[in-house]
Amino acid sequence: MNNTSLNLSSHSGFIAVLVASILWGTTGTAASYAPNLSPLAIGAIAMGGGGLLQALLAHKNIRSHLPQIRSYYPLLLIGMVSVAIYPLAFYSSMRMAGITIGTVVSIGSAPLFTALLEKFFDKKALSKKWFISFIFGVAGVLLLSIGESHSQATAQTIATDQKTLGIILGLIAALTYSLYSWAAKKMIDRGVDSKASMGLIFGFGALILLPTLFFTGYNLFDEPVNLYVVTYMMLIPMFLGYLLFGYALKTISASTATTLTLFEPLVAALFAVLLVGEQLAPIGWVGMVLIFVCLAVLSKNN
């Protein structure tokens, strides 16, 4: 493959992650239409259901790779357990530490975890451009989250112990997100089809995740809007979004992909302002600009 083809492939991967981030950025707005449904239930059925759909879509690809499953079983195990833990930790973090802190810790630290995984396990050096883009991106997410927090009409008082636990859960969410992204990328690099990689990881992860609905989804069928919300989140952000993410991992590194997903909170904030009617303080708009700078810097790597 020549340099022109490589550049086109990497740019298509870049765009695929941005489109996936746009889809993921709609989840907060969608969830706001089902306020009585537990966020844990929303995360479990959205990611679990989306994972099963990925496995069903890729069943032929998965079947062709099953004879070699022993060679990538440790990666599959890491990925599936991480997929099961991630949404529970992420939504619990936002509930216990607050949306601002939960978002910054969970989404902001994920690219760093992924880069460290690649550095220590894959011996990949971190480029200066990646590091600069990471700084701009995390600063942007932080300012954006502060801007959203300052514009809320009421401030929620959160106990220190609860906030600390929320931060820890946010770090767990970031680590597990990084782990399943890294595991999927490693499987793809070892010759496993991208659909099969994502289908295996998310399909098995769903088998662990969906049973948690027994404890969190008790009011799932109370209102029709609950079903509309989880169906949308399962089909569009989680199923289609992660199909695009898996496609992107064929051509760009996991650290680049997770850094690009810093675009997600920007999209989420815009939807909240435009559709839900939330306000954003000026510092939040500065954060948006910094996230765009992050993307501009990172795009020069591809």
Side-chain angles (χ1 to χ4, degrees), residues 1-26 50 54 57-58 61 107-108 110-119 122-141 144 177-178 180-199 201-202 236-271 287-302:
M1 186 179 292
N2 57 38
N3 289 334
T4 301
S5 298
L6 286 172
N7 288 333
L8 288 174
S9 296
S10 61
H11 276 92
S12 65
F14 186 96
I15 293 170
V17 177
L18 291 185
V19 174
S21 298
I22 292 172
L23 298 180
W24 295 333
T26 66
Q54 287 197 57
L57 178 68
N61 309 65
I107 296 179
L112 181 59
F113 278 124
T114 309
L116 292 174
L117 286 169
E118 290 183 343
K119 180 176 177 62
D122 303 334
K123 309 303 179 184
K124 289 185 178 179
L126 302 180
S127 69
K128 290 182 180 179
K129 286 185 178 181
W130 176 87
F131 188 75
I132 292 171
S133 69
F134 171 74
I135 295 299
F136 275 115
V138 171
V141 171
L144 179 61
Y177 174 37
S178 303
Y180 71 69
S181 301
W182 174 77
K185 174 63 174 175
K186 290 285 287 182
M187 288 173 63
I188 292 169
D189 287 347
R190 291 187 182 185
V192 181
D193 177 81
S194 64
K195 287 183 180 178
S197 298
M198 299 296 283
I201 288 175
F202 279 79
I236 307 302
M238 298 307 168
F239 175 57
L240 182 56
Y242 277 105
L243 279 181
L244 290 167
F245 190 72
Y247 167 79
L249 289 176
K250 293 192 294 184
T251 58
I252 61 177
S253 67
S255 57
T256 298
T258 51
T259 305
L260 286 171
T261 59
L262 293 174
F263 189 54
E264 177 188 346
L266 183 153
V267 174
L270 287 176
F271 273 109
M288 287 191 179
V289 173
L290 292 181
I291 293 174
F292 275 115
V293 172
C294 161
L295 300 177
V297 172
L298 199 61
S299 67
K300 295 179 181 180
N301 285 333
N302 299 293

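Quick caveat: nothing in here was measured; it's all calculated off a predicted structure. Starting from 1, each residue takes its place in the sequence as its number.
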Give the minimum heavy-atom separation between [X] and [Y], together with the two atoms involved.
X      : Y      : value
Gly140 : Leu290 : CA-CB, 3.7 Å
Thr114 : Thr258 : OG1-OG1, 3.4 Å
Leu270 : Met288 : CD2-CE, 3.5 Å
Pro111 : Trp130 : O-CZ2, 3.5 Å

For [X], enumerate each residue passing the side-chain hydrogen bond (donor to acceptor under 3.5 Å, both in side chains) test, keeping only those at least two apart in sequence or located in another chain.
X      : answer
Ser253 : Ser255, Thr256
Ser21  : none
Ser181 : none
Lys186 : Asp122

Open item on the list: The criterion is salt bridge (charged side-chain N to carboxylate O under 4.0 Å, His left out); which residues satisfy it with Lys250, sequence neighbours excluded?
Closed with: none
TODO: Take Thr26 and Ile236 through the side-chain contact (heavy atoms from CB on, under 4.5 Å) test and state the conclusion after the steps.
DONE: CA-CA 9 Å; Thr26 66; Ile236 307 302; 5.7 Å; no
- [ ] Kindly indicate whether the side chain of Met198, heavy atoms from C-beta on, has any atom under 4.5 Å from the side chain of Leu243.
- [x] no
Task: Between CH2 on residue Trp182 and CE on residue Met187, distance to nearest 0.5 Å - done: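 Output value for this atom pair is 11.5 Å.
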Open item on the list: So, using ring pair (Phe, Tyr, Trp, His ring centres under 6.0 Å) as the criterion, who are the partners of Tyr177 when residues are at least two apart?
Closed with: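 Tyr177: ring pair (Phe, Tyr, Trp, His ring centres under 6.0 Å) contacts with Tyr86, Tyr180.
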TODO: Identify which one of Tyr242, Phe263, Phe239 satisfies the ring pair (Phe, Tyr, Trp, His ring centres under 6.0 Å) criterion when paired with Trp24.
DONE: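 Only one of Tyr242, Phe263, Phe239 forms a ring pair (Phe, Tyr, Trp, His ring centres under 6.0 Å) with Trp24, namely Tyr242.
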Open item on the list: If you count every heavy atom of other residues, nucleotides or ligands that lies below 6.0 Å from Phe113 atom CZ, does the total exceed 12?
Closed with: yes
